[in-house]
Amino acid sequence: MTITAENPTQTADRRVLSYSPLPTPTEVLGELPLGEAREALVERSRSEIADVLADRDDRLLVVVGPCSVHDTDAALDYAGRLARLAEETAEDLLIVMRVYFEKPRTTVGWKGLINDPALDGSYDIPRGLRTARKLLLDVLDLGLPVGTEFLEPTSPQYIADAVSWGAIGARTTESQVHRQLVSGLSMPVGFKNGTDGEVQVAVDGCRSSAAGHVFFGTDADGRAAVVETAGNTDCHVILRGGTRGPNYDAESVAAAVASVGKVGLPGLVMVDASHANSGKSHERQAEVVAELAERIGGGEQGISGLMIESFIEPGAQSVEAEELVYGQSVTDACMGWDTTADGLRALGAAVRAGRRS
Ligand SMILES: O=C[C@H](O)[C@H](O)COP(=O)(O)O
Ligand SMILES: C=C(OP(=O)(O)O)C(=O)O
């Protein structure tokens with residue numbers, strides 16, 4: 001290998017095959033601007049979410065939608081249905097659509113719409129970023145706030161202005177890079193417990209992100225930059241179960257509430273009805289939602305929100321299927337629309353009953 005200005009060392013990049021430039025965040029935001037009406041919705045919903053998470057608003061936050069977006073038409077179709085239900089249940093539920101573009105994999109697999117929008121290993125990330133951003137704007141136009149997982153440290157620059165709630169997943173909740181990222185994010189963020197079920201790492205994530213940090217990042221023009229953040233005090237814990245089993249039972253919720261209380265966070269947690277709390281079964285997930293509704297209706301305190309993986313058709317299919325079923329997940333199994341609508345109405349009724357108990 002010859003030393004040149006492009007390749008100044010022979011010992012680095014021995015396993016890198018190529019670099020290709022991305023558009024800058026400024027370019028992409030300029031092509032697809034948020035605009036005033038959507039900005040108002042994002043601002044208002046972020047503050048409502050923060051109020052629910054801090055118990056200043058007695059509604060239940062529900063982050064509900066597909067495990068991952070692979071088809072924007074189907075995602076928008078789903079969003080239309082959810083927007084109507086969000087309006088119907090608005091007195092009791094604060095509904096945020098789960099619009100997940102980045103999938104953390106246990107080993108390997110399709111990493112989401114931003115990474116590979118054509119689902120075929122062509123990895124057109126610039127197209128993925130634009131497609132993702134366009135969908136966020138379209139969902140906001142239906143009046144629905146959006147929640148997403150932040151996985152790549154650089155991608156939030158392209159989409160975060162349109163996001164009202166963020167998540168850090170079980171596989172990255174202990175990562176300093178992600179905690180630093182959250183410390184600069186403008187919306188409330190939930191930290192999942194670890195894949196082994198350990199809740200303290202999520203509590204530590206909230207504490208770390210509440211502090212200001214100085215770290216490596218990129219600015220809006222895509223330049224490598226030193227980033228200094230103020231800290232994000234709107235963070236909370238999400239119980240998603242783990243290899244030791246589910247953790248949505250009343251005892252686990254009470255233990256998590258005690259852990260967050262010890263570090264001065266509001267004594268509330270979000271429960272993920274999917275993942276290790278349902279063994280990734282969409283049928284089981286519906287039962288978990290029903291159990292939680294019953295407990296909330298009975299007056300159980302401590303649960304500020306629920307996460308539900310839901311799409312139009314129940315179940316899941318392989319991303320490699322020759323012909324994909326419209327509206328069905330290509331990652332984790334999701335509850336179908338009819339079951340979701342019933343579950344959301346039951347949760348709304350439970351919140352009303354819980355207020356009376
Ligand atoms: O929510 C999605 C999945 O549970 C997560 O991305 C891990 O998926 P995998 O175990 O299929 O890789
Ligand atoms: C990957 C996810 O969850 P977890 O991090 O809990 O596995 C998810 O919610 O898409």
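One-based numbering, in listed order, for ligands and for the atoms of each.
Among residues two or more places apart in sequence or in another chain, the salt bridge (Lys or Arg N to Asp or Glu O under 4.0 Å) test is passed with Glu287 by Arg284. Checked against salt bridge (Lys or Arg N to Asp or Glu O under 4.0 Å), Glu31 has the following partners two or more places apart in sequence or in another chain: Arg130.
Distances from ligand 1 to the non-hydrogen atoms of Thr331 include no value under 4.0 Å.
Taking only nitrogen or oxygen atoms, main chain and side chain alike, Cys67 does not reach within less than 3.5 Å of ligand 2. Any N or O atom pair closer than 3.5 Å counts here, and Pro104 shares at least one such pair with ligand 1. In terms of polar-atom proximity, defined here as any N/O pair under 3.5 Å, Tyr100 makes no such contact with ligand 2. The N/O atoms of His275, backbone and side chain alike, include one that comes under 3.5 Å of an N/O atom in ligand 1.
Under a 4.0 Å criterion applied to the non-hydrogen atoms of Gly169, ligand 2 contributes the atoms 5 (O). Counting atoms of ligand 2 from 1 in the listed order, those under 4.0 Å from a heavy atom of Arg171 are 4 (P), 5 (O), 7 (O). Taking a cut-off of under 4.0 Å to the non-hydrogen atoms of Pro104, the atoms of ligand 2 that pass are 1 (C). Using a 4.0 Å cut-off to heavy atoms of Cys67, the atoms of ligand 1 that qualify are 1 (O), 2 (C). Close approach of ligand 1 to Lys103 (heavy-atom distance below 4.0 Å) involves ligand atoms 1 (O), 2 (C), 6 (O).
Protein heavy atom at the shortest distance from atom 5 (O) of ligand 2 is Ala170 N, 2.7 Å. Nearest protein heavy-atom neighbour of atom 2 (C) of ligand 2: His275 NE2, 3.3 Å. In terms of protein heavy-atom proximity, atom 2 (C) of ligand 1 is nearest to Asp332 OD2, 3.2 Å. The protein non-hydrogen atom at the shortest distance from atom 11 (O) of ligand 1 is Arg105 NH2, 3.0 Å. The protein non-hydrogen atom at the shortest distance from atom 9 (P) of ligand 1 is Thr106 OG1, 3.5 Å. Ranking the protein heavy atoms by distance from atom 4 (P) of ligand 2 puts Lys192 NZ, 3.4 Å first. If you check which protein heavy atom lies closest to atom 8 (O) of ligand 1, you get Lys280 NZ, 3.6 Å.
Residues Asp221 and Thr26 have side chains that bring a donor and an acceptor to within less than 3.5 angstrom of each other. Residues Glu309 and Ser274 bring a donor and an acceptor atom of their side chains to less than 3.5 Å of each other.
Judged by distance alone, with hydrogens and angles left aside, the side-chain atoms of Arg352 form no donor-acceptor pair with the main-chain N or O of Asp92 at under 3.5 Å.
Between Tyr78 and Trp337, the ring center distance clears the sub-6.0 Å criterion.
Here Ser122 contributes atom OG and Asp116 contributes atom CG; the two are 5.0 Å apart, rounded to the nearest 0.5 Å. To the nearest 0.5 angstrom, Leu181 atom CG is 10.5 Å from His213 atom NE2. Distance check, rounded to the nearest 0.5 Å: CZ of Arg84 to OG1 of Thr89 gives 13.0 Å.
At a 4.0 Å heavy-atom cut-off, ligand 2 does not touch Arg105 at all. Within the 4.0 Å heavy-atom criterion, neither part of Ser274 lies near ligand 1.
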task: Please report the C-alpha distance between Glu102 and Ser155 in whole Å, then the side-chain angles of each, then the deciding distance to 0.1 Å, and finally whether the side-chain hydrogen bond (donor to acceptor under 3.5 Å, both in side chains) criterion is met.
output: CA-CA 9 Å; Glu102 299 184 310; Ser155 62; 2.7 Å; yes

